[in-house]
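To find a chain, count down the sequence lines: A is the first, B the second, and so on, and within it residues start at 1.
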Amino acid sequence: MQRHLITSAIPYINGIKHLGNLVGSQLPADLYARYQRARGNEVLFLCATDEHGTPAELAAAKAGKPVAEYCAEMHKIQAEIAKGFRLSFDHFGRSSSPQNHALTQHFAGRLADADLIREVTEKQVYSNADGRFLPDRYIEGTCPNCGYDKARGDQCENCTKQLDPTDLIEPRSAVSGSTDLEVRETKHLYLRQSALKDDLNAWIDSKTDWPLLTTSIAKKWLHDGDGLQDRGITRDLDWGIPVRRGDADWPGMEGKVFYVWFDAPIEYIACAGEWSDAHGGADWERWWRTDKGADDVRYTQFMGKDNVPFHTLSFPATILGSGEPWKMVDHLKSFNYLNYDGGQFSTSQGRGVFMDQALEILPADYWRWWLLSNCPETSDSEFTWELFQQGVNKDLADVLGNFVSRVTKFCRSKFGEIVPKGGVYGDREETLIAELDARLTRYAQMMDSMEVRKSAQELRAIWVAGNEYLQAAAPWATIKEDPETAAMQIRLGLNLISFYATLSAPFIPDAAQKMNTALQIEKAQWPSNASDALDSLPAGQSFAVPENLFAKISDEDRKDWQDRFAGGRA
RNA sequence: GGCGCGGUAGCUCAGCUGGUUAGAGCGCUCGACUCAUAAUCGAGAGGUCGGGAGUUCAAGUCUCCCCCACGCCA
């Protein structure tokens, strides 16, 4: 039995994510986790919310709530929606957890001990009215270049000129609008990533099976310009993990917190601790410490391409620098972007379909199937309502749903709701079994290697094979001359439904459950071969004709949704 | 401006280290069937692989130049 540690990039706390976010990490991660469990492997699948940083503070302020309260509420909402999409996390944690506080401080202490942290004094704008330092982009003012009055401290959006906050004319706080600003000196910690450049390079070179997208991004950051830069890992904020050196105070760093990008990936580890605490103290270190049983774990991360640098460089630098035997990622599966109707999905502009809205319209399986079978694997891909409608109607309703319908209903009318006895497999059945064996093997290969689209393609072909068989065998004609053979044919059809349920479950868990329930299958076993799988339903066992598994999306619905989601989010 | 990823049938996309008539699904046309969610099955039409030059016995697949779209960065 293999052991799989699987993590999805952790979604930021300040709102509900859109379908592009979903298909870029959580959904494919769930597909893989469900598949590995179905194969009988031991899986720990973790995800969490990423809760620290200025955007969370501002979102909380906008909602008129203390940031801790806001984050707790949003975490609950995101967890609820994840459940709605059937994301099967073993634990959905929080980067603000006590476990992550302790672990982040621990890592910082280890890095300091290894002389991989240096202190840097820099100048930063302080807002007296807000009582806080302001990140550059939260300072607004008039652009000295073009006169635009909403230029930000890092850049003018109007003329795109790169700015320093002190360049702005009449600078003001974007948080409160106050002009009572001053420049103060402040001290920050930098992680000396540059010192780890060779180690990181060697580590990445050892990953020959990573997607081109992943390694090319990592290499670029590693070698571009002056090479890998040291990175500030602290901020002057209230909301975050207080800077401490392990268990000890860090003189001169009082009142500061770690930068969100330092503590967020550490939450992957801390989350296992949260999982353990939530499950009666299960041993989590056997998943994360190679000196405590994790040496046989295969660790796979899923994320969008924008997260790749942090996962290939910053986080590994933290782990390597600690000098401790933490499990490092084995395979890193990254995704491109899903576009919405010719443009980008955008959280800030409310463009596209958001996870809560999607579930209001249709059940999870519809989205899971379409998003996974069209996921942006090798290049950006496109969501349009026409493509979505076509894909769902054809694959789910016409090919799979209708297959289940025609087999069960034909059986009910000719033999009753019982798996019919009699007849033996002939050439046509053997041919089908041979085809399904080949496809089953290929499907497993594709799923093992996380080739999501190709897996979906293969699964679809497996569904189609059932319709081809039925069309050729024509039990509705056979039964007139040879009822025994017709019984065998329809029994095979029923077995195919069970076969489909098992293979399809990682993609469409709810529909798979309905199929199994209809056939009175309690616990599905992953088929070792098609021959046995298609001979597994005991003749004489009763079943129930299920409701249609999938309704078609009508043109009216499609147009309706097209209009409804054309503008920004209400 | 620099860098990155792409530009393959009407649409969405496959095509590893160059090798017979360039593939899939959808859509479209025609035919078959009638058990089923007017579903299914079969057949067919559709591409000078963004443009140009080069390397090679042989290039969608390598090299160079150009054009276009998108993304990131300064």
| With the threshold set at 4.0 Å, does a side-chain nitrogen-carboxylate oxygen contact exist between Glu458(A) and Lys454(A)? | no
| query | Mind checking the P distance from G7(B) to C11(B)? Whole angstroms is fine. | reply | 14 Å
| message | Before we go on, tell me: are the rings of Tyr268(A) and His311(A) under 6.0 Å apart, centre to centre? | response | yes
| query | Below 4.0 angstrom from OP1 or OP2 of U12(B), is there any side-chain N or O of Arg453(A)? | reply | no
| At under 4.0 Å between heavy atoms, what does Gln457(A) touch on the DNA or RNA strands: base, sugar-phosphate, or nothing? | sugar-phosphate
| field | Integer angstrom distance from the C1' of U21(B) to that of C30(B) | value | 24 Å
| query | Out of C13(B), G15(B), C26(B), which nucleotide sits closest to the side chain of Lys454(A)? | reply | G15(B)
| field | OP1 or OP2 of C72(B) under 4.0 Å from side-chain N/O of Lys305(A) | value | no
| remark: Assign each of Trp463(A) and Arg406(A) the nucleotide of RNA chain B bearing its closest heavy atom; nearer the 5' end lies the nucleotide of Arg406(A)
| message | Apply the syn/anti split at 90° from 0 to G46(B) and say which one it is. | response | syn
| field | Distance-only donor-acceptor test (3.5 Å): side chain Asp398(A), base A39(B) | value | no
| request: Go through U40(B), C35(B), C11(B) for me and flag the one nearest to the Leu387(A) side chain. | output: C11(B)
| task | Using the P atom on both, measure G1(B) against C65(B) and round to a whole Å. | result | 16 Å
| request: Pick the C1' atom in C72(B) and in C16(B), then give their distance to the nearest Å. | output: 28 Å
| When you compare C13(B) with U17(B), how far apart are their C1' atoms, in angstrom units rounded to a whole number? | 23 Å
| message | Suppose you measure atom C1' in G19(B) against the same atom in G15(B); what distance do you get, rounded to whole Å? | response | 14 Å
| Who does A24(B) pair with, Watson-Crick or G-U, both distances under 3.5 Å? | U12(B)
| query | In terms of side-chain heavy atoms of Glu382(A), which of C13(B), U37(B), C26(B) is nearest? | reply | C13(B)
| Cation-pi between Lys305(A) and Phe335(A): NZ/CZ under 6.0 Å from ring centre and within 45° of the ring axis? | no
| Salt bridge or not for Asp395(A) and Arg460(A), using N-O below 4.0 Å? | yes
| task | For Leu432(A) and C41(B), give me the distance from atom CG to atom P, rounded to whole Å. | result | 13 Å
| query | Once you round it to whole Å, what is the distance between P of G71(B) and CZ of Phe345(A)? | reply | 15 Å
| said: The side chain of Trp476(A) is closest to which nucleotide in this list: C41(B), C13(B), C35(B)? | reply: C35(B)
| message | Check Glu377(A) with Lys333(A), please: is the shortest side-chain N to carboxylate O separation under 4.0 Å? | response | yes
| request: Tell me what Leu549(A) touches on the nucleic acid: a base, only sugar-phosphate, or nothing, going by heavy atoms under 4.0 Å. | output: base
| task | Take atom C1' in A53(B) and the same atom in G42(B), then report the distance between them in whole Å. | result | 46 Å
| field | Result of checking Phe383(A), Phe388(A), Phe354(A) against Tyr340(A) for ring-ring contact (aromatic ring centres under 6.0 Å, His included) | value | Phe383(A)
| query | Counting any heavy atom closer than 4.0 Å, what does Val464(A) reach on the DNA or RNA strands: base, sugar-phosphate only, or nothing? | reply | sugar-phosphate
| said: Heavy atoms only, 4.0 Å cut-off, all strands: where does Lys414(A) land among base, sugar-phosphate and nothing? | reply: nothing
| Who is the Watson-Crick or G-U wobble partner of U55(B), with both distances under 3.5 Å? | none
| message | Please give the distance between the C1' atoms of G6(B) and G71(B) as a whole number of Å. | response | 10 Å
| task | Whole angstrom is fine here: how far is it from CG in Leu371(A) over to C1' in C13(B)? | result | 16 Å
| request: Taking only the side-chain heavy atoms of Ser405(A) (C-beta and beyond), determine which of C13(B), G27(B), U37(B) contains the nearest atom. | output: U37(B)
| message | Taking the nucleotide of RNA chain B with the nearest heavy atom to each, does Phe550(A) or Val399(A) sit closer to the 5' end? | response | Phe550(A)
| said: When you measure only distances, ignoring hydrogens and angles, does the side chain of Gln471(A) come within 3.5 Å of the base of U40(B) through a donor and an acceptor? | reply: yes
| task | Using atom CG of Asn393(A) as one end and atom C1' of A38(B) as the other, report the distance to the nearest whole Å. | result | 13 Å
| query | Is it the case that Gln520(A) and Ser542(A) place a side-chain donor and acceptor less than 3.5 Å from each other? | reply | yes
| Whole Å only: how far is the CG atom of Leu372(A) from the P atom of G25(B)? | 21 Å
| Rounded to the Å, how far apart are Trp369(A) CH2 and G25(B) C1'? | 11 Å
| request: Send over the distance from Glu451(A) CD to G15(B) C1', rounded to a whole Å. | output: 12 Å
| Is Arg368(A) salt-bridged to Asp30(A), going by a charged N under 4.0 Å from an acidic O? | yes
| request: Classify the nucleic acid contact of Ser381(A) as base, sugar-phosphate or nothing, counting any heavy atom under 4.0 Å across all strands shown. | output: sugar-phosphate
| Considering only U12(B), A39(B), C41(B), which nucleotide approaches the side chain of Lys552(A) most closely? | A39(B)
| task | Could you tell me whether Asn402(A) contacts a base, only the sugar-phosphate backbone, or nothing, with contacts defined as non-hydrogen atoms closer than 4.0 Å? | result | base
| Assigned partner base of G42(B), Watson-Crick or wobble definition, under 3.5 Å | C30(B)
| Rounded distance (Å) that lies between atom P of A36(B) and atom CG of Leu396(A) | 21 Å
| Pair partner, C70(B) [Watson-Crick or wobble, under 3.5 Å] | G4(B)
